[in-house]
Amino acid sequence: MDTSEIGRVKESFDQAVAHIEDLKSLQQLKVEYLGKKGKVTGLMKEMKNLSKEERPQFGAAVNETRNHITEIIGQKTQALEAEALEAKLSEEAIDVTLPGRDFSLGSPHPLSLIIENIEDFFIGLGYEIAEGYEVETDYYNFEALNLPKSHPARDMQDSFYISEEMLLRTHTSPVQARTMESRAGKGPVKIICPGKVYRRDSDDATHSHQFTQIEGLVVDKNIHMSDLKGTLELFAKEIFGEEREIRLRPSYFPFTEPSVEVDISCFKCKGDGCNVCKYTGWIEILGAGMVHPNVLEMAGFDSNEYSGFAFGMGPDRIAMLKHGIEDIRHFYTNDLRFINQFKVTEDGGAKNESI
Ligand code: PHE
């Protein structure tokens, strides 16, 4: 055994390490040379066969080779680790210039928009929003509103009965009766009630068996017809434009006395006559009146002390007039091409982009 054997071990290591390309193979090579049964360790074991004189020189040469191998493996480990990190980073890199995913913004339903506009207006006047039931009793839908069983005016609202006593409400007026009753004869009551209502109608461009109403009710001491008129005048200006005027025509509802039909001056032709107002200059938008004393009394209010006004309007019709929508069925058939035309404006109002 001489030092040339050491030289061969070193040379074979140098050759092998040059071909190593991953950390796992490098680890195996390390074991092969420096491990317990490794080649360098094997050289050390040869020492015992050498003469005393030869040992120091041989020992120093083996040490040098071991140091060499240790150092190269250290360097190679660092290099391979850096390479692996680099590969991982470039693989995970995010290209910030790629276009993002498109989250398109939906549109609120035009009826929701108009109802929110109307709610905002009345909340501004101090009204509360009240809710009732779409499945109602005959009592609240009719009787408590001064429409006893045989009353001919029941025919004005063809109904979907569920049983003798239960029906789909035909108007939002039962909420009047329920709210007044819940206040146990004490005013003031100042509510609006938006909601769905149902009537047995054949659906066509202007009729739908399901539609929406907003009921308004104010009950207090000293409430007069002039309060109703002033409120509705403000409402017309808010929803249809500053220059709008209103006109009251005598009408009949069993739950109000006197009753009126309310028209607004046409917002399209400003009164000259056009197809929207059917050449009259006026558009009918709601029914209203002073709460009938019988209705007040049935709900527990003393009609000598309290009086009130009520009104009912159809958001469907108002939205149709405002946006020039020609068919009420658009509201209930959920065609996105229709709904997507409506956007919320900055002041929270509705805008139909195609008009
Ligand atoms: N409930 C009535 C209808 O549906 C509308 C209305 C409400 C009229 C309140 C007067 C007062 O026809």
Side-chain angles (χ1 to χ4, degrees), residues 109 111-112 114-115 118 129-184 189 191-217 219 251-257 259-261 284-301 308-320 327-334:
H109 195 283
L111 275 181
S112 308
I114 201 86
I115 290 170
I118 296 172
I129 296 183
E131 290 199 324
Y133 305 108
E134 286 175 35
V135 177
E136 220 1 313
T137 60
D138 183 277
Y139 177 77
Y140 286 109
N141 195 79
F142 290 129
E143 267 180 66
L145 295 166
N146 205 27
L147 273 142
K149 282 241 154 65
S150 56
H151 201 290
R154 282 192 177 209
D155 292 348
M156 284 161 67
Q157 303 186 356
D158 231 345
S159 322
F160 287 115
Y161 272 90
I162 289 167
S163 68
E164 281 277 299
E165 287 303 318
M166 303 290 280
L167 72 160
L168 297 182
R169 70 177 175 195
T170 56
H171 50 178
T172 41
S173 302
V175 185
Q176 284 190 35
R178 284 184 177 277
T179 308
M180 278 193 281
E181 200 181 78
S182 72
R183 302 286 163 97
V189 178
I191 54 155
I192 56 161
C193 163
K196 294 195 197 96
V197 299
Y198 304 85
R199 287 188 200 175
R200 258 169 41 161
D201 243 333
S202 304
D203 292 0
D204 62 25
T206 52
H207 296 87
S208 167
H209 62 280
Q210 176 198 315
F211 56 104
T212 55
Q213 275 195 344
I214 295 183
E215 185 87 4
L217 171 73
V219 177
S251 185
Y252 171 75
F253 298 104
F255 30 90
T256 47
E257 181 59 37
S259 301
V260 287
E261 221 55 82
E284 186 192 318
I285 52 159
L286 52 87
M290 301 306 290
V291 180
H292 196 293
N294 288 355
V295 174
L296 287 170
E297 294 286 342
M298 272 188 280
F301 279 81
F309 66 74
F311 54 86
M313 62 178 98
D316 302 64
R317 183 166 152 73
I318 293 175
M320 286 170 83
D327 196 323
I328 193 171
R329 290 169 292 194
H330 284 314
F331 293 132
Y332 301 103
T333 43
N334 292 328

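Residues take their numbers from the sequence shown, with the count starting at 1. Computed from a predicted model, the values in this text were never measured in an experiment.
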Residues 152-173 vs ring-ring contact (aromatic ring centres under 6.0 Å, His included), sequence neighbours excluded, gives H171-F255

Considering residues at least two apart in sequence or located in another chain, which fulfil the side chain to side chain donor-acceptor pair (under 3.5 Å) criterion with T256?
-> S259

So which heavy atom on R200 is nearest to which on S159, and how close?
-> CD-O, 3.2 Å

Any residue meeting side chain to side chain donor-acceptor pair (under 3.5 Å) with S251, in chain and number order, not counting sequence neighbours = E261

Who pairs with E165 by salt bridge (Lys or Arg N to Asp or Glu O under 4.0 Å), at least two apart in sequence or on another chain?
-> K149

Got a second to check how far M313's CE is from T172's OG1, nearest 0.5 Å?
-> 9.5 Å

M290: partners by side-chain contact (heavy atoms from CB on, under 4.5 Å), with sequence neighbours left out = I223, M225, P258, F309

To the nearest 0.5 Å, atom CG of D138 lies from atom CD1 of I162 at 12.0 Å

Using a 4.5 Å cut-off on heavy atoms from C-beta on, say whether the side chain of M180 contacts that of V295.
-> yes

Search all heavy atoms of Q213 against all heavy atoms of V197 and return the closest pair with its distance.
-> CG-CG2, 4.0 Å

Pairs involving residues 131-155, ordered by first then second residue, that meet ring-ring contact (aromatic ring centres under 6.0 Å, His included) (sequence neighbours left out) | none

Not counting sequence neighbours, which residues clear salt bridge (Lys or Arg N to Asp or Glu O under 4.0 Å) with E131? List them please.
-> none

Does some side-chain heavy atom of I318 sit less than 4.5 Å from a side-chain heavy atom of I118?
-> yes

Can you name the nearest heavy-atom pair linking G216 to I192, along with the distance?
-> CA-CG2, 4.1 Å

Non-hydrogen side-chain atoms of T212 and I214 separated by less than 4.5 Å | no

Measure the shortest side-chain to side-chain distance between L168 and V135 over non-hydrogen atoms and say whether it is less than 4.5 angstrom.
-> yes

Any side-chain heavy-atom pair from L111 and D316 closer than 4.5 angstrom?
-> yes

Please examine the side chains of E215 and V175, heavy atoms only from C-beta on, and report whether any two atoms are closer than 4.5 Å.
-> no

Listed by chain and number, what are the salt bridge (Lys or Arg N to Asp or Glu O under 4.0 Å) partners of R329, not counting sequence neighbours?
-> D327

Any donor-acceptor pair under 3.5 Å from N146 side chain to P254 backbone | yes

Locate the shortest heavy-atom distance separating R169 from G195; write the atom from each residue and the value.
-> NH2-CA, 3.4 Å

Quick one: closest heavy-atom pair of L145 and S173, and the distance?
-> CD1-CB, 3.5 Å

For E284, the salt bridge (Lys or Arg N to Asp or Glu O under 4.0 Å) test, sequence neighbours excluded, returns R249

Among all residues two or more places apart in sequence or in another chain, which pass the side chain to side chain donor-acceptor pair (under 3.5 Å) test with T170?
-> N141, Q157

Closest approach of P194 to A130 (non-hydrogen atoms, all atoms of both residues) | CD-O, 4.0 Å

ring-ring contact (aromatic ring centres under 6.0 Å, His included): pairs with one or both residues in residues 191-213, sequence neighbours excluded = none

What's the spacing between R317 CZ and I285 CD1 if we round to 0.5 Å?
-> 8.5 Å

Report the residues that fulfil side chain to side chain donor-acceptor pair (under 3.5 Å) with R178, sequence neighbours left out, ordered by chain and then residue number.
-> E136

